[in-house]
Amino acid sequence: MKTALRALALLALAAALAVLVLPLGRRAEVALPRSWRGRAAFSKAGAGPLFAGAAKVRLELAAGVALAGYPGWRHAEGPGDALFARALVLESGGLRVTLVALETLLVSADLEEEVFRRAGLPEDACALIAASHTHSGPGGTWDSAVAGLIGSGWFDRRVQGEVVRAAAEAIVLATRALRPAALGAVQLRSADGFALARARSGEAVDSSFTELRVADPAGHPLATAVVYAMHPTVLGRSRRLSGDWPGEAARFMEEGGGVALIFQGAVGNTTWPREGREDSLAAVARLAGSVANQARAAAPMALRSTVQLSCSARLTALPPPQASAAVPWILRQAATNALALADPELAVQLEVGLGEVTLRGVPGEPSASARAPLGAQVVGLADGYVGYVESKEIIEQGTGEAGKSYFGPGLAKALGLDGR
């Protein structure tokens, strides 16, 4: 008996040493398939009279639903806030573009695949589906044990199914509502940007504020879409189900008519400004009001009824998982091996041209250091999740948000965020 126990102990020790020392995950990039999780690479364009439709559908969540946003287990207490899936569909010259904003922490690849299936979207559909990144939204939407442990909540097929239902229904309703429309856009950057968010790490944040407005021929608003980077962590680890500031900003904006979609920019290294001992709900209202007022006060836009749309999707091979230099060296290989358990190997990226504005989807949380090509507006938390994206230099230094990066210094380049 003692001999058997000793042998088991030695095996356990050997296994622990293997995890600490030996690389157990893949060591090379994967070959690109023709399609992946219901998505395929393509490039399309269209120009002509614009048609648009928008819709929002409430998420019907059970009382006490698990919450996402932080490690550990939280469940909602009380009714909380109404959460929604919102969709804007634009069509011009035969090209249809679908933008979806979900009041969730993130959009996993398996959730998006289900949305495509339920909405009847083909694999070459131009559909950008992004999360508001609220840290007080429904948990359990990602079928991944590793993701569940580190913050997305233990997988709950019923919750994922409800998010899928609402998103797909919003897409279908927005498509049915297509009608003649006009589109306008404005992008504020750098010195003329909207200075509200603060840097959580690094010296600068994504200071851009991008807004799209869609109206019918009579000038009545159909939809407004805003891209602004600021972490929705105002409520912290409370047990209130909430869309945080993006949800409240959307509600404020919808008081003026139409559907409001809020997207994150390069949100990775951002936080929000505190004011003394301010109550968290008051802070949500203050920040949401600031964003909504900026949307209302944006420079006058020339609404055009004839618009050029473009869309390209690419499948991206991810580098092998790699813990950053922010992880103590003695644990770095073990952390890398743990990351390999949830390695998606591939990611999907969309680039959408909407007249004068180009949106580039990023399936993760890019920081300001991960720069998109000149002129493109980053939309984070879109079409999948691969963690934080920092520049090669920051990952190698182990500074900034490197400790939350899962794919090493090559990730920014793989996602086209090295400024080239």
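Each residue takes its place number in the sequence, starting with 1.
At distances below 3.5 Å, not a single donor-acceptor pair connects side-chain atoms of Trp245 with backbone N or O atoms of Val291. Remark: side-chain polar atoms of Tyr385 are not paired, donor with acceptor, to backbone N or O of Trp142 under 3.5 angstrom. A donor-acceptor pair is defined here as one N or O able to donate and one able to accept, closer than 3.5 Å; no such pair exists between the side chain of Ser132 and the backbone of Pro246. A donor-acceptor pair under 3.5 Å links the side-chain atoms of Asp244 to the main chain of Val234, judged by distance alone. Panel note: side chain Arg213, backbone Val186; no donor-acceptor pair is recorded below 3.5 Å. For Arg74 (side chain) and Ser238 (main-chain N/O), a donor-acceptor pair under 3.5 Å exists by modelled atom type. Between the side chain of Ser391 and the backbone N or O of Ser369, no donor-acceptor pair lies under 3.5 Å. Checking side-chain atoms of Lys44 against main-chain N and O of Cys126 turns up no donor-acceptor pair under 3.5 Å. No donor-acceptor pair under 3.5 Å is formed between the side chain of Glu162 and the backbone N or O of Leu59. Counting only distance, with no hydrogens or angles, the side chain of Arg198 and the backbone of Leu196 share a donor-acceptor pair below 3.5 Å.
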Could you give me the CA-CA distance, side-chain angles and deciding distance for Leu354 and Leu99, then say whether side-chain contact (heavy atoms from CB on, under 4.5 Å) is met?
CA-CA 11 Å; Leu354 305 168; Leu99 305 178; 4.2 Å; yes
Test Glu114 against Arg118 for salt bridge (charged side-chain N to carboxylate O under 4.0 Å, His left out), laying out the working first.
CA-CA 6 Å; Glu114 286 299 302; Arg118 185 148 179 175; over 6 Å; no
Test Gln377 against Asp206 for side-chain contact (heavy atoms from CB on, under 4.5 Å), laying out the working first.
CA-CA 10 Å; Gln377 169 63 63; Asp206 176 2; 3.9 Å; yes
Is there a side-chain contact (heavy atoms from CB on, under 4.5 Å) between Tyr70 and Ile150? Walk through the geometry before answering.
CA-CA 7 Å; Tyr70 302 94; Ile150 63 178; over 6 Å; no
Report the C-alpha separation of Glu254 and Arg86 in whole Å, then their side-chain angles, then the decisive distance to 0.1 Å, and conclude whether the side-chain contact (heavy atoms from CB on, under 4.5 Å) test is met.
CA-CA 12 Å; Glu254 287 170 347; Arg86 295 173 170 88; 2.8 Å; yes
Please report the C-alpha distance between Asn269 and Ser201 in whole Å, then the side-chain angles of each, then the deciding distance to 0.1 Å, and finally whether the side-chain hydrogen bond (donor to acceptor under 3.5 Å, both in side chains) criterion is met.
CA-CA 5 Å; Asn269 68 323; Ser201 64; 4.7 Å; no
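Between Ala414 and Ala317, the shortest heavy-atom contact is CB-O, 4.0 Å. Nearest heavy-atom pair, Ala266 versus Ala368, reported as atom, atom and distance to 0.1 Å: CB-N, 4.2 Å. Heavy-atom minimum distance, Ala85 versus Leu102: CB-CD2, 3.5 Å. Taking both residues in full, the closest heavy atoms of Phe263 and Ala225 are given as CE1-CB, 4.3 Å, listed atom of the first, atom of the second, then distance. Nearest approach of Leu381 to Leu106, heavy atoms of both residues: CD1-CB, 4.2 Å. Annotation for Leu83 and Pro138: closest pair CD1-CD, 3.7 Å, computed over non-hydrogen atoms.
The closest side-chain heavy-atom distance from Glu356 to Gln187 is not below 4.5 Å. Between Val352 and Thr358 there is no side-chain heavy-atom pair separated by less than 4.5 Å. Side-chain contact between Pro273 and Leu287: present, with at least one pair of heavy atoms (C-beta onward) separated by less than 4.5 Å. Using a 4.5 Å heavy-atom cutoff, the side chains of Phe407 and Pro344 are in contact. Between Val348 and Pro363, the closest side-chain pair of non-hydrogen atoms is not below 4.5 Å. Inter-residue side-chain proximity for Thr141 and Ser152 is flagged as unmet; no heavy-atom pair is nearer than 4.5 Å. No side-chain heavy atom of Tyr406 sits less than 4.5 Å from a side-chain heavy atom of Val386. When side chains are defined from C-beta on, Thr270 does not count as touching Gln264, because their heavy atoms never get closer than 4.5 Å.
Between Arg274 and Glu278 there is no salt bridge, since none of the side-chain N atoms of the basic residue sits less than 4.0 Å from a carboxylate O of the acidic one. Checked for salt-bridge contact, Glu123 and Arg34 meet the test: a charged N lies under 4.0 Å from a carboxylate O. Arg251 and Asp81 are not joined by a salt bridge, as no carboxylate oxygen comes within less than 4.0 angstrom of a charged side-chain nitrogen. Salt bridge present: Arg165 and Glu169 bring a charged side-chain N and a carboxylate O closer than 4.0 Å.
Under the rule for a side chain to side chain donor-acceptor pair (under 3.5 Å), the partners of His231 that lie at least two apart in sequence or sit in another chain are His133, Glu365.
A donor atom on one side chain and an acceptor atom on the other are not found under 3.5 Å apart for Ser405 and Glu390.
In this structure, Arg240 CZ and Leu281 CG are separated by 5.0 Å, a value rounded to the nearest 0.5 Å. Here the straight-line distance linking atom CD1 of Ile129 with atom CG of Leu121 works out to 7.0 Å at 0.5 Å rounding. Rounded to the nearest 0.5 angstrom, Cys311 SG and Leu128 CG are separated by 8.0 Å. The OG1 atom of Thr134 sits 8.0 Å away from atom CG of Leu105, with the distance rounded to the nearest 0.5 Å. The distance from atom OG1 of Thr306 to atom CG of Leu183, rounded to the nearest 0.5 Å, is 11.5 Å. In this structure, the separation between CG on Leu415 and CG on Leu318 is 6.5 Å, given to the nearest 0.5 Å.
Other residues, nucleotides and ligands contribute only 12 or fewer heavy atoms inside 6.0 Å of the NZ atom of Lys392.
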